[in-house]
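One structure is given here, and the rest of the page talks about it.
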Amino acid sequence: MITIGFIGAGKMASAIIKGLNKEKFSIHISGRNFEETQSTAKVLGVNGSASHTDLIQNSDIIVLAVKPYVVADILSEHKIEKPIVSIAAGITLADLSAMTSDKQPLVRVMPNINATIQKSTTGIVRNAYVSDDIFNIVKAVFESVGSVHELAEKDFGTFTAIAGSSPAYIYMFIDAMSRAGVLHGMPKDTSTKIVAETVLASAEMILKSDENPWTLVDNVSSPGGTTVAGVVSLEQKNFVATVIDAITATIEKNNTMNQ
């Protein structure tokens with residue numbers, strides 16, 4: 001049985017661990033506080049390690065599930081000669097390579113918050129020293145909490161924006177639609193549920209349809225009707241350009257986080 005060691009036991013690590021098949025993987029976690037780690041391990045049904053060193057010694061693959069600013073400290077304090085998986089935003093394979101030993105097997109992964117409901121959209125890339133067997137194991141770990149997309153690393157900043165950060169923008173859109181319902185007399189909880197269900201079904205429509213999204217917009221917009229009036233209003237308010245600007249700002253911030 002493959003042993004996966006998670007350094008860091010926060011929300012994202014816990015979400016991933018909850019989706020893992022405990023019969024297929026042996027799972028260890030370590031954190032800054034031993035008592036908190038043991039408590040989290042008990043809740044998750046996994047092994048709580050006494051220290052990062054203990055975890056590294058007893059794991060086949062190490063997952064760095066810590067904040068980006070902590071990664072350098074972890075790697076400088078511990079010599080890891082096993083495959084390393086990083087989920088830290090903004091830290092490239094080249095960055096990781098500079099912090100580790102020569103020919104270190106490295107995998108960079110970017111899950112999103114939807115891992116908490118096993119619906120993550122995850123990006124993944126490896127360096128030349130990761131074998132197919134190890135890579136497939138890592139992919140299986142993240143496929144347990146959603147879909148996995150192999151990407152060129154140059155696209156990770158874009159992926160971070162359109163998949164990693166975008167749930168926040170989608171929540172804002174849903175809340176804005178819901179508030180419009182309240183403005184026109186509908187209770188907030190009812191309005192929010194209706195909007196969320198509609199957004200979910202509309203996303204499923206895109207995934208199941210051969211049409212591009214703008215064709216689907218046209219399909220809903222009857223000549224002279226209510227929908228096209230709203231579409232034109234959004235266009236007049238630069239809706240598309242505003243969304244693109246938000247994604248661009250996210251990418252630019254991601255690109256400068258570790259400079």
Side-chain angles (χ1 to χ4, degrees), residues 11-12 15-16 18-19 87 89 108-125 139-184 186 188-254:
K11 291 182 180 179
M12 185 58 72
I16 296 164
K18 287 176 182 177
I87 64 172
R108 184 182 177 190
V109 181
M110 179 55 62
N112 69 13
I113 191 62
N114 295 328
T116 58
I117 58 168
Q118 280 74 59
K119 293 288 185 179
S120 177
T121 305
T122 299
I124 189 170
V125 64
K139 283 180 62 179
V141 167
F142 289 90
E143 284 170 348
S144 67
V145 291
S147 63
V148 175
H149 300 265
E150 293 185 44
L151 303 171
E153 193 172 22
K154 69 178 181 61
D155 294 326
F156 255 67
T158 302
F159 181 85
T160 298
I162 66 173
S165 299
S166 66
Y169 315 147
I170 294 167
Y171 300 150
M172 290 177 66
F173 173 74
I174 290 173
D175 190 69
M177 294 273 285
S178 176
R179 288 176 186 274
V182 174
L183 177 65
H184 294 281
M186 184 176 286
K188 182 67 182 293
D189 57 347
T190 301
S191 182
T192 299
K193 185 174 182 181
I194 289 169
V195 174
E197 289 175 348
T198 303
V199 169
L200 177 62
S202 300
E204 290 180 353
M205 176 73 80
I206 289 175
L207 293 174
K208 293 179 179 179
S209 174
D210 292 330
E211 305 286 358
N212 67 63
W214 198 253
T215 298
L216 295 176
V217 172
D218 288 343
N219 291 345
V220 184
S221 303
S222 301
T226 57
T227 302
V228 72
V231 169
V232 169
S233 178
L234 287 171
E235 290 181 320
Q236 289 173 338
K237 300 297 191 297
N238 297 317
F239 176 73
V240 173
T242 299
V243 172
I244 292 172
D245 285 347
I247 296 300
T248 299
T250 308
I251 293 170
E252 290 175 349
K253 177 61 176 180
N254 178 79

Which residues satisfy the side-chain contact (heavy atoms from CB on, under 4.5 Å) test with [X], sequence neighbours excluded?
{"X": "Ser221", "answer": "Val217, Thr227, Val228, Val231"}
{"X": "Asn212", "answer": "Trp214, Thr215"}
{"X": "Glu197", "answer": "Lys193"}

Verify, without hydrogens or angle tests, whether Ser144 (side chain) and Val141 (backbone) share a donor-acceptor contact under 3.5 angstrom.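 Judged by distance alone, yes, a pair lies under 3.5 Å.
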Apply salt bridge (Lys or Arg N to Asp or Glu O under 4.0 Å) to Glu204 and list each qualifying residue two or more places apart in sequence or on a separate chain.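 So Glu204 forms no salt bridge (Lys or Arg N to Asp or Glu O under 4.0 Å) with any residue.
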Can you find a heavy atom in the side chain of Met186 that is under 4.5 Å from one in the side chain of Ile194?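 When only atoms from C-beta onward are counted, Ile194 and Met186 do touch, with a gap below 4.5 Å.
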Does some side-chain heavy atom of Pro111 sit less than 4.5 Å from a side-chain heavy atom of Val145?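 A side-chain contact is absent here, since even the closest heavy-atom pair is not under 4.5 Å.
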Write down the atom of His149, the atom of Ser147, and the distance for their closest heavy-atom approach.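 Shortest heavy-atom contact: NE2-OG, 3.5 Å.
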Of all the heavy-atom pairs spanning Ser178 and Ser191, show the shortest one and how long it is.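 For Ser178 and Ser191, the tightest heavy-atom pair comes out as O-OG, 2.9 Å.
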Any pair counted as salt bridge (Lys or Arg N to Asp or Glu O under 4.0 Å), so long as it reaches residues 232-241, sequence neighbours left out: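 Sorted pair list comes back empty.
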Inter-residue atom distance [X].[atom1] - [Y].[atom2], 0.5 Å rounding:
{"X": "Thr122", "Y": "Leu151", "atom1": "OG1", "atom2": "CG", "answer": "10.0 Å"}
{"X": "Ile16", "Y": "Ile87", "atom1": "CD1", "atom2": "CD1", "answer": "4.5 Å"}
{"X": "Met12", "Y": "Met110", "atom1": "CE", "atom2": "CE", "answer": "8.5 Å"}

For Thr121, which residues count as a side-chain hydrogen bond (donor to acceptor under 3.5 Å, both in side chains) partner, sequence neighbours excluded?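 Testing Thr121 for side-chain hydrogen bond (donor to acceptor under 3.5 Å, both in side chains), a comparison that skips the adjacent residues, returns none.
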Quick one: list whatever passes side-chain hydrogen bond (donor to acceptor under 3.5 Å, both in side chains) with Lys18, sequence neighbours left out.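 If we apply the side-chain hydrogen bond (donor to acceptor under 3.5 Å, both in side chains) test to Lys18, skipping adjacent residues, there are no hits.
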Please table the atom pairs, donor to acceptor, closer than 3.5 Å between any side-chain atom in residues 152-163 and protein atoms at least two apart or in another chain.
{"from": "Glu153", "atom 1": "OE2", "to": "Leu93", "atom 2": "N", "distance (Å)": "2.7"}
{"from": "Glu153", "atom 1": "OE2", "to": "Arg108", "atom 2": "NH1", "distance (Å)": "3.0"}
{"from": "Thr160", "atom 1": "OG1", "to": "Phe156", "atom 2": "O", "distance (Å)": "2.8"}

Between side-chain atoms of residues 169-176 and protein atoms elsewhere (two or more places apart, or another chain), which donor-acceptor pairs fall under 3.5 Å?
{"from": "Tyr169", "atom 1": "OH", "to": "Thr250", "atom 2": "OG1", "distance (Å)": "2.5"}
{"from": "Asp175", "atom 1": "OD1", "to": "Lys188", "atom 2": "NZ", "distance (Å)": "3.1"}
{"from": "Asp175", "atom 1": "OD2", "to": "Arg179", "atom 2": "NE", "distance (Å)": "2.5"}
{"from": "Asp175", "atom 1": "OD2", "to": "Arg179", "atom 2": "NH2", "distance (Å)": "3.4"}

